[in-house]
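Count residues from 1 along the sequence.
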Amino acid sequence: MFKIGNSEFKLRHGSFYAAFLDDKMNIRMCYEPQNSLSWHLDIHMEEGSLITQSKNHYKDDDNYDEDDYDDEDDYDEDDYESVEPNLYHNNGFSLNVYSWKSVEGMSKTWEEEYNEEEEEAGCLYIFGHDPVTSGKIEFLERKGSEFLVRWTGTADVYWDDEYGRDVPFEFEDWLSFDGIYANCDRISDRSELEEAMKEFIDISEFECVSEESHKITGGRSYSWQYKPLEGRKKE
């Protein structure tokens with residue numbers, strides 16, 4: 001379930017995954033040819049109605065009575081927008097773990113839009129891609145390869161023809177851990193990749209399920225997907 005303002009939305013689908021890169025781009029868009037591993041959330045909600053005006057909007061009305069606006073049904077039709085919110089991380093965040101199973105019980109907090117490591121608090125798409133201005137992500141429980149995730153915080157949201165600053169939101173639901181997506185421009189060999197990933201993660205807990213490449217300017221780019229062994233169905 002995702003809540004923002006006075007509106008609630010059901011989870012459509014979401015994922016939690018790690019991303020390995022061999023050419024890291026930092027927040028200032030400076031090129032750093034080094035390996036990195038980050039953790040990501042991508043959460044999509046079902047279409048629902050967003051209340052874009054609270055009953056406070058009507059207080060300028062001479063006939064305003066607060067008791068008249070206790071229920072959602074008392075809002076005018078024009079005060080609703082049909083939306084599909086998306087809560088996500090563009091560039092990911094760090095977690096001090098070597099085994100993906102150790103993520104259970106961990107949390108990550110942002111007091112503002114960026115933390116001291118220059119990691120963004122996240123993004124929220126409703127009418128546009130807007131920044132999460134503070135937040136806390138908690139991995140409350142694990143069952144197999146699924147995590148119960150709670151993400152609370154505030155975001156700047158463009159609605160009602162103006163920005164709503166620091167609008168509170170809350171998400172809590174089960175998300176599948178999709179494993180590791182590795183995208184490399186320098187590393188082309190799988191054994192070399194796995195040796196590089198050992199610096200960040202216990203690769204013995206994963207199985208490579210796909211490998212592909214495509215042409216880029218000056219060479220080829222390679223990508224792999226690794227799924228966690230626990231929770232995978234036997235063929």
Could you tell me whether a side-chain N or O of Glu120 sits under 3.5 Å from a main-chain N or O of Asn90, the two making a donor and an acceptor?
-> yes
For the pair Tyr181 and Tyr17, name the ring-plane relationship: parallel under 30°, tilted 30 to 60°, perpendicular over 60°.
-> perpendicular
Give the C-alpha distance, both sets of side-chain angles, the deciding distance and a yes or no for side chain to side chain contact (heavy atoms under 4.5 Å, CB included) between Ile187 and Phe20.
-> CA-CA 11 Å; Ile187 297 175; Phe20 177 87; 4.3 Å; yes
Closest heavy-atom pair and its distance - Glu138, Ser107 | CG-CB, 3.9 Å
Less than 4.5 Å apart, any side-chain heavy atom of Tyr226 and any of Leu193?
-> yes
According to a 4.5 Å side-chain heavy-atom criterion applied to Ile, Leu, Val, Met, Phe, Trp and Tyr, with indirect links allowed, do Phe206 and Phe200 form part of one hydrophobic cluster?
-> yes
Would you say the side-chain atoms of Asp185 pair up with the backbone N or O of Asp22, donor to acceptor, closer than 3.5 Å?
-> no
Check whether Leu11 and Ile126 end up in the same hydrophobic cluster, where Ile, Leu, Val, Met, Phe, Trp and Tyr are linked by side-chain heavy atoms less than 4.5 Å apart.
-> yes
Would you name the heavy atoms of Pro228 and Gly179 that are closest together and state the gap between them?
-> CD-CA, 3.8 Å
May I ask you to check whether Thr133 and Asp166 show a side-chain donor-acceptor distance below 3.5 Å?
-> yes
Side chain to side chain, Pro85 and Met45, heavy atoms closer than 4.5 Å = yes
Hey, are the side chains of Trp174 and Glu141 touching, using non-hydrogen atoms and a 4.5 Å cut-off?
-> yes
Please report the shortest heavy-atom distance between Ser221 and Ile216, naming the atom on each side.
-> CB-CG2, 3.7 Å
In terms of heavy-atom contacts, Asn35 and Ala196 come closest through ND2-CB, 3.8 Å
Is there a side-chain contact between Val157 and Phe169, using heavy atoms and a 4.5 Å cut-off?
-> no
From Ser38 OG over to Leu21 CG, what is the distance, rounded to the nearest 0.5 angstrom?
-> 6.0 Å
Beyond-backbone contact of Lys227 with Asp178, side-chain heavy atoms, under 4.5 angstrom | yes
Pairwise side-chain contact, Glu205 with Ser99, heavy-atom cut-off 4.5 Å (strictly under) = yes
Look at the rings of Phe139 and Phe147 and say which category their plane angle falls in: under 30° parallel, 30 to 60° tilted, over 60° perpendicular.
-> perpendicular
Atom CD in Glu170, atom CZ in Arg150: separation rounded to 0.5 Å?
-> 7.0 Å
Any donor-acceptor pair under 3.5 Å from Tyr222 side chain to Arg186 backbone = no
Using a 4.5 Å cut-off on heavy atoms from C-beta on, say whether the side chain of Trp110 contacts that of Val132.
-> no
Is it true that the side chains of Ser94 and Asn96 contain a donor and an acceptor less than 3.5 Å apart?
-> no
Before giving the answer on ring-ring contact (aromatic ring centres under 6.0 Å, His included), spell out for Tyr88 and Tyr125 the whole-Å C-alpha distance, their side-chain angles and the decisive distance to 0.1 Å.
-> CA-CA 8 Å; Tyr88 63 98; Tyr125 179 86; 8.0 Å; no
Looking at Glu194 and Arg190, does any basic side-chain N land under 4.0 Å from a carboxylate oxygen?
-> yes
Rounding to 0.5 Å, atoms CH2 (Trp39) and CZ (Phe177) come to a distance of 4.5 Å
Any side-chain heavy atom of Leu124 sitting closer than 4.5 Å to one from Asp156?
-> no
Atom CZ in Arg220, atom CD in Glu212: separation rounded to 0.5 Å?
-> 10.5 Å
Taking Lys143 for its side chain and Leu148 for its backbone only, find out whether a donor-acceptor pair lies under 3.5 Å.
-> no
In the single-linkage hydrophobic clustering (I, L, V, M, F, W, Y; side-chain heavy atoms under 4.5 Å), do Phe16 and Val97 co-cluster?
-> yes
Apply ring-ring contact (aromatic ring centres under 6.0 Å, His included) to His44 and His13, showing your working.
-> CA-CA 5 Å; His44 295 261; His13 65 82; 4.6 Å; yes
Atom pair NZ/CD of Lys101 and Glu230 - distance to nearest 0.5 Å | 4.5 Å
Of all heavy-atom pairs between Leu140 and Glu104, which one has the smallest distance, and what is that distance?
-> O-CG, 4.5 Å
Donor-acceptor contact below 3.5 Å, side chain Ser7 vs main chain Ile51 | yes
Taking all non-hydrogen atoms of both residues into account, name the closest pair between His40 and Ala19 and its distance.
-> NE2-CB, 3.6 Å
Step through the shown structure and confirm whether more than 12 heavy atoms of other residues, nucleotides or ligands are within 6.0 Å of CD on Glu116.
-> no
Do other residues, nucleotides or ligands put more than 12 heavy atoms under 6.0 Å from the CD atom of Glu192?
-> yes
Flag yes if Trp100 and Phe93 sit in one hydrophobic cluster, no otherwise; membership is Ile, Leu, Val, Met, Phe, Trp, Tyr, and two members link when side-chain heavy atoms are under 4.5 Å apart.
-> yes
Same apolar cluster (I L V M F W Y, side chains within < 4.5 Å links), Tyr98/Ile180 | no
From CG (Leu87) to CH2 (Trp151), nearest 0.5 Å | 4.0 Å
